[in-house]
Protein chains: 2
Amino acid sequence: MSKYDVKQEVTDNFSLSGRVFHNIREDILNGKYKENDELREVAIGEELGVSRTPVREAFRQLELEGLIQIVPNKGAYVTGITRKDVQDIYMIRSLLEGLCARWATENITEEQMAEMEENIFLSKFHAEKGHYDQLAELDNRFHEIMYEACNSKMLEHQLRDFHQYVLRVRKKTLSNVNRGRKSNEEHEQIMEAIKAKDGDRAQALANAHMINAYNNMVKNGLNEDFGEKAQD
Amino acid sequence: MSKYDVKQEVTDNFSLSGRVFHNIREDILNGKYKENDELREVAIGEELGVSRTPVREAFRQLELEGLIQIVPNKGAYVTGITRKDVQDIYMIRSLLEGLCARWATENITEEQMAEMEENIFLSKFHAEKGHYDQLAELDNRFHEIMYEACNSKMLEHQLRDFHQYVLRVRKKTLSNVNRGRKSNEEHEQIMEAIKAKDGDRAQALANAHMINAYNNMVKNGLNEDFGEKAQD
DNA sequence: CTTTGGATAATTGTATACAATTATACGATT
DNA sequence: AATCGTATAATTGTATACAATTATCCAAAG
């Protein structure tokens, strides 16, 4: 019975294929499955206690996300994520987060603005206290608010995907207390620009925010994770 | 006939699910399935002569692409593409095509440069002759070359997706002879900037190229296609 | 007439069976 | 010993069977 008492998030109420999808993706991003590893349907099915059907559905999704490559009648192979991939994603994100901040400036609702201000306030508090977990969560949430506020289903979708993609790498980064504080300051500036309806400034700040996050990540932590996979 | 060595998407394989995926996507993009339509697994399976299994796999992919929404135990509903979506995609693409042109400037190979020059040359020829089909193909190919030349798997993937997404809308646009000629000129300028290793200029030109393509599209053709779905 | 209850049908979710394809093992031939 | 060919096993591709859930219909109650 203890097996079923394990705490599950409400949003984990997915279909089996959905759970399998998230599970495998996490395992690829975690490094459990490494580049060029072959994923076998039965093995993964048994590991997760499901049949091949949901596993195959998950495979198709992972293929579309570019995390695995399915070779017909042969197998599914992990594509992995190289150091250069991460770098490219951050460059792409910096442009799109900038655009998002601009659009958010034009479309943000009062409720969203209020939540953003609250987010900044809480982040300051938890930064003082050294509550890294809450800080990471608030950081995520800040970006989520912006994604919602930009009022663009397409852009929101893109940014959310990228966000997920580099989430693991970002975790480490934020546990650096200095970057956490600096990140908060940058969020606050972005928020102020949005509040002041200064789209140009919001865009530039959000753009720079991503570049800073990337540069900080490169300085500490990325090498040990991706050194063996580095291509460039 | 022209070349077949054009790089294809992974899902273009000969598996049933791949075919079903492309089939449904095409039908959504060309309006056979409209917004909020419910897609039933057996109906589509029978129509394409396959069982539910490949249909379901295709559904999962379509959901990830944002073309349909799967409500657990209920059904799959077409999300559709609004006029605002198209506009947003073009804005996003303009940024990413700019980045792509910049990176292509830094990474393009001699072979790719040669093909790009050949592409420009052929485009001029077919524009003179009024060969719209070849012109559209060459236009697609020009962008494909840039996507490959940028040397970024991530960016290439993103741009290819967007490109596919708006392909149908673009078809009409290019059949406007004036836009076709203007587009060619812009391609040539981008090519020249890349050849001259002027990344800034290449980026700015590619950026503007997308904006122009969008503005032209809005001027003629978009309304009749998306008028009934327009939200804004 | 509207509402409600439940039987029935339709649809999706999952597992399994079977076919097609590919990988592996192993002996025969050279 | 190396290579080839074939039998066998392993794996993926597809279809189907069964379970779970949701939608529909219709009669009876108010």
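The figures that follow rest on heavy atoms only: side chains count, while hydrogens, waters and symmetry mates do not. Lettering of chains follows the sequences in order, A, B, ..., and the numbering in each one begins at 1.
Looking only at atom types and distance, the side chain of B:His187 has a donor-acceptor partner in the side chain of B:His209 under 3.5 Å away. Using a 3.5 Å distance cut-off with no hydrogens or angles, the side chains of A:Ser183 and A:Asp139 do pair a donor with an acceptor.
Residue A:Val50 places its side chain closer to C:dA15 than to any other of C:dT11, C:dA15, C:dA23.
Place B:Val42 and A:Ser51 on DNA chain C by their nearest nucleotides, and B:Val42 ends up nearer the 5' end.
To the nearest angstrom, C1' of C:dT22 lies 16 Å from CD1 of A:Ile70. Put simply, CG on B:Asn73 is 18 Å from P on C:dA10, counting in whole angstrom units. Counting to the nearest Å, the P atom of D:dT12 and the CD atom of A:Glu57 are 16 Å from each other. Note: CZ (A:Arg56) to C1' (C:dA20) measures 12 Å, nearest angstrom. Whole-Å rounding puts the A:Ile44 CD1 to D:dT12 C1' distance at 13 Å. Between A:Arg52 atom CZ and C:dG13 atom C1' there is a gap of 17 Å when expressed in whole angstrom units. Between A:Leu16 atom CG and D:dT21 atom C1' the separation is 14 Å, expressed in whole Å. For the pair B:Phe59 CZ and C:dT11 C1', the computed distance is 11 Å after rounding to whole Å.
Contact between the side-chain N/O atoms of A:Lys74 and the OP1/OP2 oxygens of C:dA23 is found at a separation under 4.0 Å.
A salt bridge links A:Lys32 with A:Glu47: the distance from a Lys NZ or Arg NE/NH1/NH2 to an Asp or Glu carboxylate oxygen falls below 4.0 Å.
Under the 6.0 Å distance and 45° angle rule, A:Arg93 counts as a cation-pi partner of A:Tyr90.
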